[in-house]
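The next block holds one structure in the form of C-alpha cells; read it before the comments.
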Amino acid sequence: MTFDSVEHMVTEATDLEHSARIGATMAGEPNQTGEIPGGPAKMASRNLQVRYGDKQALYDVSLDIPVNEVTAFIGPSGCGKSTYLRCLNRMNDNIDICHVDGSVTLDGREIYAKDQDVVQLRTRIGMVFQKPNPFPKSIFDNVAYGPRIHGIARDREELNGIVLGSLERAGLLDEVRDRLDAPGIGLSGGQQQRLCIARAIAVRPEVILMDEPCSALDPIATERIEELIMELKAQYTIIMVTHSMQQARRVSDKTAFFHLGHLVEHGATSEVFENPQDDRTKDYVTGRIG
Amino acid sequence: MAVLIAASSVAILTTVGIVLSLIFESIQFFRQIPFTDFVFGLHWSPQTAIREDQVGASGAFGAIPLLVGTLLISAIALCVSGPVGLMAAIYLGEYASRRFRATVKPILEALAGIPTVVYGFFAAIVVAPMLRNSGEAIGLEVSSESALAAGLVMGIMTIPFVSSISDDAITAVPESLKEAALGLGSTRSEAIRNVILPAALPGIAGGLLLAASRVIGETMIVVMAAGLAAKLTLNPFEAVTTVTVQIVTLLTGDQEFDSPKTLAAFALGLMLFVVTLALNVTALRIVKAYREQYD
Amino acid sequence: MTEISETQSRVAARLARRHAGEKRFKLLSLGAVWVGLVFLGVLLFTVIGSGHTAFLQTKILLNVTLEETDLGEAGEGGQAQAIAGANYNGVIKRTLRAVFPEARSRSDKRALYRLVSVGAAYEIREAMMEHENPVGTPVAVWVTASDDVDLIIKGTVPRTAPADQRHLSDQQMNWIESLEKTETVKARFNTTFFTSGDSREPELAGVLGGAMGSLYAILVCLAISFPLGVMSAVYLECFAPKNRLTEFIEVNINNLAAVPSIVFGLLGLAIFLNAFMLPRSAPLVGGMVLSLLTLPTIIIAGRAAIKSVPPSVREAALALGASPVQAVFHHVLPLAMPGILTGTIIGTAGALGETAPLLMIGMVAFIVDVPTSVVDPSTVLPVQIFLWSDIPEKAFVERTSAAILVLLSFVCLLNLFAVYLRKRFETRW
C-alpha cells in the first residue's frame, strides 16, 4: 500500500467519524468481546487503534482469529483492512508516523509487548503481498532466503529439503523442478505469487497474512492460488485481505467487514453474506456501496 | 526559431571546439614525439625538451607515471567516497529520523559546493602535515606532499556525489522488495545487504564510475597537495603527479606555443577527455538501463 | 508442532547475534554520516580559526610633522604638487627616530624602520594631501604596521617565540611594548584587505582585485550562458522535433556537464587566446570559458523547470489564439523562470569557485591593480587563494584563509539565494 492511499483513506475516515461511531454502538454483542464462535483463537486484538500522524485509520478493533481456518477481511478500499492486517505482524513499525494502541495477541501473548522480538514474530507470522515480489535471485535462493537468514537449516541437505518441501506445498515444485537456478522474476505472475507463498512457508510460520494475494493475477492463476489457500489452512492459520466478495465467499471460513476504519461486522462467512446484521454490511455485500 | 536552434547548437560547437583544439594540437605534438613513446613511456621529464638543438628529441614524454599517479590518487579517493558515501546514503535513507535527515542532508551536500581550491588548501595545510606527523609517530616516512593526502581529501569531496547517486539507486528499488525481506523477518541491515544493495548494485556502480571520472579530472586538490615529481610508484605515502597537475604545470608561465612542452599538455588533455568521456558514457548507459529495469 | 518449536529455538539461538550485527551496521552507517560532518566542521573550523585574524590589521599612531625641506618641487601644481611629491620615507624615518631616540646605529635604525609597512609612506601622503595646511603642524596618522609586528600584536605568533620565528629582535619587541604602553599601536579592522589588490607585502595585500576579477568574469559568464541556456532549454523542451540530431544534442549536453573543467581551460587557451587572439589574463576570456562550463547546468535545470510547467498552460494559451512561440515565451517561460534562475544561480556559484580552467588562460599572474574593465588583466578570487596558498609567510597563510572565508561567504550567499527562490516560488501543480 502506498503512503498516498493511506492518507487518502484516513481523510475519509475522519470525515465520517461521527456517523461511524453511532454505527459501532449499534452493532451489538460480538463487537464488544470480539469473539467469533468456533475454534480456539490463534490471534486476537482488543481495542486496536491506529493513527497515521494525527489521522485515525482504525478505531477500537476487537477481533478473534480462529486457528487453522481462513479469515477474510472485506470492505471498500480505504476501510482499514490492510492497515489491520499489517498490525498483525507489526509491519507498520516501519512507518515513522504510524502509532498503534491497544493489544494484539498471538497464542495469548502480546505481540506489541516490549520484550517481543519483531524478527522472531515474523518467523511465526509470514506475509504474502498484493503484487508478487520475488527477489532478483534464483528460484532456489528466493525460497532459501528465510531459512538462511534465520539459520533454520543445519546443513545444505536440510536446506534443500526445506526448499523443495516448501515449493511442493506451494504447488510449484512440478513446474520449476528442473530450473531451480533460473531467476524468480522469469516466472509467470501466478507462479511468482506461489513462489512468494513458498518463500513465506519455508520459514515454517504458524500464521500467513495475505494482502490481496490475487489482485494482480488473471482468473486462472487466481483459481490456483485459491485452491492452494484452502489446502494450506490445514496447517496454517490464514488471514487474507480481499476486495473480491466472491473470493471471500469461495475461500474463507470467517469474514470480517471493515468500513471507514471500523470493524462493522464479523462471523461465519455464510452468516455475514447471507444474513448480515448491519445495514452497511448489507449494502456492501449486495453491491449497493463499495 | 533560428535563434533558438543556433543557441542549442552552441553546446555542440563547444564539444566540437574541445575535440578539434585538442586533436589539432595533439597531432602537432605527435609529429615531434612518437605516439608510442607517449603512451608507453615510463619516464616523464618535459623540462629537458627545451634545448634548442634537439627540440623534442631528448625530452621524455612517457605518460605512464602520470597515469599511474592519477589512478593511485583516484583509487584512494574512491576507497573513501565509495563506502562512506554509500553508507551515509543508507543511514539517511533507512535509519535517520525525518528531522535528522532534513538537517544533515543539506549540510552534507554543502561539501559538494565548496570550491576545490579550498579543499586543496586544506589538504596542503592541514591533512598533509597531519599525515606526515602521524606517519613519523609510527615510524612511517610520509612525504610532505603525498598521494594519500590528496586522495583522502578528494574522497571527502565526492562523498555527497556518491551518496546522492546511491540514494537514487536505492530508492529506485521497489518498496515491495524491502517489505518482502522485512516480512520474512530480516533485520533492516539484512534487508539492505541481502536484497536492496544487490538490486541497486548496477545503479551504484554507474554512480561510482561517474565519481571516478570526476576524480580523475579534478585539478586543484592535486596541484596543491600531490606534488610534481613524476615518480612511477604505487606507494600512497610518496608524492606523485597526475595528468591534470602536469597540464597546469606545462601551461602556466610563459612559453612559446609550439614547443613540445606546451603541446604535450594538449595531448594529456586529449587523453583526459577521452578517458572521462568513456567513463561517463558507460556510466550513463548503466544507470539508464538500471532505471528502466524497475520502471 | 515439534517442527515449529525446533525452528523457533534455532531462530532464537541466532537472534542476539543478528541484532548485534544490526546495531553494528547502523552505527557504521551513522559513522559514515559523521565522517562527512566532522570533516566539514574541521575544515570550517580551521579556515575560520586561521583566517579571522586577517580581518584585523595592526596600526601605529605617528605624529608626523611635514617640514618645508621635505617638500618636492612645486611645479605647475603649486603647493599641492609639492606636498604630493614630498619625501615621505624620510618623514617616517625622522618621526620614528624622534619616538625612539635610542636607536643610533645603522642596524638599529633599520630595525626601527622595519616596524612600519612600506605602505606607510603612501598613507601619510594621503593624510597630508587631505589636510588643509599640513606643513609645520603635527598631524596624527595611523599607519600600517609591518606584518611581523601585526602577527605579534594579534597574538598569532606568541611573544615568547624565539626571535627567528617571530622575525623580530628583542629590541624591536621592546619598542613594540613601549608603543603599547602609550597606546599608539592597535589592531583595528583591516580595511586594506577589502580595498586593495594583490601585493608582495602581506599587510598591503587585499582581495579586491580578485573579487572584481571574479565579478567581471561572472558577469560575462552570465551574459553569455543565461540567454544561450534558456534558449537552448526552450528549444529542446518545447520545439525540437524528436530526431537523431536532438537526441545527439541531449547526449552531448549530458556529457559536456561531466567533462573535467580543466579541459574547458585548454579549449579557451587554444581557441579564445590563440585562434581569436583575445587578451590573456582578461576576465572577458575567463567569463567566456566559465560560460561554456555553466551552460550545460543551466540547460539541464531550464529543461527540468520547463517540463514541470503543466502542458495545460501552454494548451490554454494556444486555445486562446497565441502562436506557439508566444505561448512559450509569454506563458510557459515566466512560470518556469524561478526554476531556471535557481539552476542558474547554482551554476554561477560553481563557476565562482572554479580555478583550474582559469589557470590555463593566464589569470594566474601577480597583478596589483584592481581591474576596472573586462579586458584588464586580473585574477579571480579562487586563483588569488591559490597564489597566496603557495607563499609560506605566516601573514599570507592567515590572508589565504580569510580570502577563503570571503569566497565561501559569496558561494554560500548565492546558494542561500537559490534556496530562497526555490522556497518562495515553489508551486505544486
Side-chain angles (χ1 to χ4, degrees), chain A residues 1-3 53 82 85-86 88-97 117-137 141-152 184-185 192-193 195-205 208-211 216, chain B residues 86 89-105 166-207 286-295:
Chain A
M1 182 191 306
T2 66
F3 183 68
S82 282
L85 187 79
R86 293 166 61 91
L88 299 180
N89 70 342
R90 293 183 54 178
M91 271 314 256
N92 286 332
D93 287 14
N94 300 324
I95 303 171
D96 283 351
I97 54 164
D117 193 301
V118 182
V119 168
Q120 191 164 26
L121 176 73
R122 288 180 189 155
T123 63
R124 300 180 64 191
I125 306 176
M127 189 161 188
V128 175
F129 296 84
Q130 195 168 358
K131 231 180 97 193
N133 53 358
F135 297 133
K137 299 170 187 282
D141 287 341
N142 260 284
V143 184
Y145 179 82
R148 273 186 183 141
I149 56 165
H150 294 298
I152 291 171
I185 302 178
Q192 284 189 21
Q193 195 61 304
L195 178 63
C196 292
I197 293 173
R199 185 174 66 185
I201 58 185
V203 196
R204 294 176 181 152
I208 302 176
L209 310 176
M210 296 189 175
D211 191 355
Chain B
L86 179 60
I90 288 174
Y91 187 83
L92 292 178
E94 301 289 326
Y95 289 112
S97 68
R98 288 177 164 206
R99 245 179 84 193
F100 186 84
R101 183 168 54 229
T103 11
V104 167
K105 218 175 168 192
S166 309
D167 195 35
D168 286 352
I170 288 171
T171 37
V173 176
E175 187 72 3
S176 67
L177 280 186
K178 192 170 120 195
E179 295 228 300
L182 293 175
L184 282 168
S186 308
T187 62
R188 270 183 194 235
S189 64
E190 284 164 349
I192 293 166
R193 280 181 303 184
N194 301 334
V195 177
I196 298 178
L197 285 188
L201 200 60
I204 296 171
I286 293 177
V287 171
K288 202 174 161 200
Y290 165 72
R291 287 215 182 108
E292 279 163 2
Q293 182 195 331
Y294 288 115
D295 271 350

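In what follows, chains are A, B, ... by sequence order, proteins preceding strands, each numbered from 1.
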Does A:Arg122 reach the side chain of A:Met127, with side-chain heavy atoms less than 4.5 Å apart?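 Heavy-atom side-chain distance check fails, nothing below 4.5 Å.
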With side chains defined as the heavy atoms from C-beta onward, is the minimum distance between A:Val128 and A:Gln193 less than 4.5 Å?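 Yes, their side chains come closer than 4.5 Å.
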Within 45° cone of B:Tyr95 ring axis and under 6.0 Å: B:Arg101 NZ or CZ: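 That pair does not qualify as a cation-pi contact.
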Hey, is the main chain of B:Tyr91 close enough, under 3.5 Å, to the side chain of B:Glu94 for a donor-acceptor pair? no
B:Ser186 side chain to B:Ala181 main-chain N or O, any donor-acceptor pair under 3.5 Å?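 Side chain of B:Ser186 to backbone of B:Ala181: a pair is present.
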Heavy-atom pairs under 4.5 Å with chain B: which of A:Val203, A:Asn94, A:Asn89 has the most?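 Among the listed options, the one with the most contacts to chain B is A:Asn94.
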Which atoms of [X] come close to chain B, meaning under 4.5 Å heavy atom to heavy atom: side chain ones, backbone ones, both, or neither?
X	value
A:Pro134	backbone
A:Arg90	neither
A:Ile125	backbone
A:Phe129	side chain

